[in-house]
Amino acid sequence: MMKNISTVAKEVGLSTKTIRYYESISLTSHPIRGDNGYRYYNQHIIDELNFVKRARDAGFNLEECKELVHLYKSEEGTAAQVKALTLEKIADIESRITILQGMHSTLSSLASSCTGDNSSQCAILDQLSVE
């Protein structure tokens with residue numbers, strides 16, 4: 001059964017703009033166009049959109065999603081390649097967590113140094129202005 005873009009958007013949980021964008025960058029297959037120019041999606045494309053949405057929700061960026069879609073569609077892709085990509089993403093996330101923890105620590109320290117009263121002096125601004 002063919003579905004229009006608004007129906008697919010609701011079903012998959014993506015905006016119509018996002019679905020059109022994924023199509024434009026060839027992240028997903030192109031839908032069939034009706035005589036009226038409207039896009040009509042079959043279950044295969046809906047499955048691709050769900051796949052990409054789950055990959056994005058897991059933290060993969062668009063380039064990584066392209067690679068995952070290629071590996072998913074390809075007979076040549078291996079579980080080792082998918083696992084390697086996933087492990088790279090985990091390492092990237094761990095690095096970002098470390099950076100965020102440092103930022104959290106810095107901001108906590110700054111916040112605790114400020115009285116937060118109505119004076120014009122602010123320890124946070126003073127500390128940020130020091131070279």
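Please read these numbers as outputs of a predicted model, since none were measured by experiment.
- Using a 4.5 Å cut-off between side-chain heavy atoms of Ile, Leu, Val, Met, Phe, Trp and Tyr, with links allowed through other members, Ile32 and Tyr38 fall into the same hydrophobic cluster.
- Between the side chain of Arg56 and the backbone N or O of Phe60, at least one donor-acceptor pair lies under 3.5 Å.
- With a 4.5 Å cut-off between side-chain heavy atoms of Ile, Leu, Val, Met, Phe, Trp and Tyr, the cluster of Val130 takes in none.
- Using modelled atom types, one side-chain atom of Thr86 and one backbone atom of Val82 make a donor-acceptor pair closer than 3.5 Å.
- Summarising the local packing, NZ of Lys73 is surrounded by more than 12 heavy atoms from other residues, nucleotides or ligands at distances under 6.0 Å.
- Around atom CD of Gln43, more than 12 heavy atoms belonging to other residues, nucleotides or ligands sit under 6.0 Å away.
- Residues passing the side chain to side chain contact (heavy atoms under 4.5 Å, CB included) test with Glu67, sequence neighbours excluded: Leu71, Leu85.
- To the nearest 0.5 Å, the span separating CD1 on Ile19 from CD on Glu48 amounts to 12.0 Å.
- Hydrophobic side-chain contacts under 4.5 Å tie Ile93 into a cluster, directly or through other members, with Ile97.
- A distance of 12.0 Å separates CG in Asp47 from OG1 in Thr28, rounded to the nearest 0.5 Å.
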Task: Test log, rule side-chain contact (heavy atoms from CB on, under 4.5 Å), inputs Tyr41 and Glu23 - done: CA-CA 11 Å; Tyr41 297 82; Glu23 174 192 340; 3.9 Å; yes
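- Residues meeting the side chain to side chain contact (heavy atoms under 4.5 Å, CB included) test with His70, sequence neighbours left out: Ser74.
- With sequence neighbours left out, Asn4 forms a side chain to side chain donor-acceptor pair (under 3.5 Å) with Ser6, Thr7.
- Through direct or relayed side-chain contacts under 4.5 Å between Ile, Leu, Val, Met, Phe, Trp and Tyr, Leu125 connects to no other residue.
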Open item on the list: Walk me through whether Ile46 and Asn42 qualify under side-chain contact (heavy atoms from CB on, under 4.5 Å).
Closed with: CA-CA 6 Å; Ile46 294 169; Asn42 59 26; over 6 Å; no
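- In this structure His104 satisfies the side chain to side chain donor-acceptor pair (under 3.5 Å) test with no other residue, sequence neighbours excluded.
- In this structure, Ile90 and Leu87 have side chains that are in contact, with non-hydrogen atoms separated by less than 4.5 Å.
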TODO: Show your working on side-chain contact (heavy atoms from CB on, under 4.5 Å) between Thr16 and Arg20 and close with a plain yes or no.
DONE: CA-CA 6 Å; Thr16 57; Arg20 286 191 295 271; 3.5 Å; yes
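- The ring-ring contact (aromatic ring centres under 6.0 Å, His included) test applied to Tyr21 returns no partner, not counting sequence neighbours.
- In the hydrophobic clustering of this structure, Val12 groups with Leu62; members are Ile, Leu, Val, Met, Phe, Trp, Tyr whose side-chain heavy atoms approach within less than 4.5 Å, directly or through other members.
- Formation of a donor-acceptor pair under 3.5 Å by the Lys89 side chain with backbone atoms of Gly59 is found in this model.
- Here the closest heavy-atom approach between residue Ile124 and residue Leu110 is recorded as CG1-O, 3.2 Å.
- Take Phe51 and apply the ring-ring contact (aromatic ring centres under 6.0 Å, His included) test, not counting sequence neighbours, and it matches Tyr72.
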Open item on the list: Go through it in stages, so that I can follow the logic: the residues are His30 and Arg39, the test is side-chain contact (heavy atoms from CB on, under 4.5 Å), and I'd like the CA-CA distance, side-chain angles, deciding distance and then a yes or no.
Closed with: CA-CA 9 Å; His30 296 282; Arg39 293 169 170 85; over 6 Å; no
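- One hydrophobic cluster, built from ILVMFWY side chains closer than 4.5 Å, holds both Ile45 and Ile25.
- Nearest heavy-atom pair, Ala9 versus Ser15, reported as atom, atom and distance to 0.1 Å: CB-C, 4.2 Å.
- Taking NZ of Lys3 as the start and OH of Tyr40 as the end, the distance is 14.5 Å to the nearest 0.5 Å.
- Using modelled atom types, one side-chain atom of Thr106 and one backbone atom of Gly102 make a donor-acceptor pair closer than 3.5 Å.
- Side-chain N/O atoms of Ser108 and Ser105 include no donor and acceptor closer than 3.5 Å.
- In this structure, Ile99 shares a hydrophobic cluster with Leu100, Met103, the cluster being traced through Ile, Leu, Val, Met, Phe, Trp and Tyr side chains under 4.5 angstrom apart.
- By the 4.5 Å heavy-atom criterion applied to side chains, Asn61 and Glu64 are counted as neighbours.
- Among residues at least two apart or in separate chains, side-chain hydrogen bond (donor to acceptor under 3.5 Å, both in side chains) pairs with a member in residues 110-130 are Ser113-Gln127, Thr115-Asp117, Asp117-Ser119.
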Task: Audit row: Arg54, Asp57, salt bridge (Lys or Arg N to Asp or Glu O under 4.0 Å) steps and yes/no - done: CA-CA 5 Å; Arg54 285 190 295 271; Asp57 288 348; over 6 Å; no
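- Applying the side chain to side chain donor-acceptor pair (under 3.5 Å) criterion to Thr78, with sequence neighbours excluded, gives Gln81.
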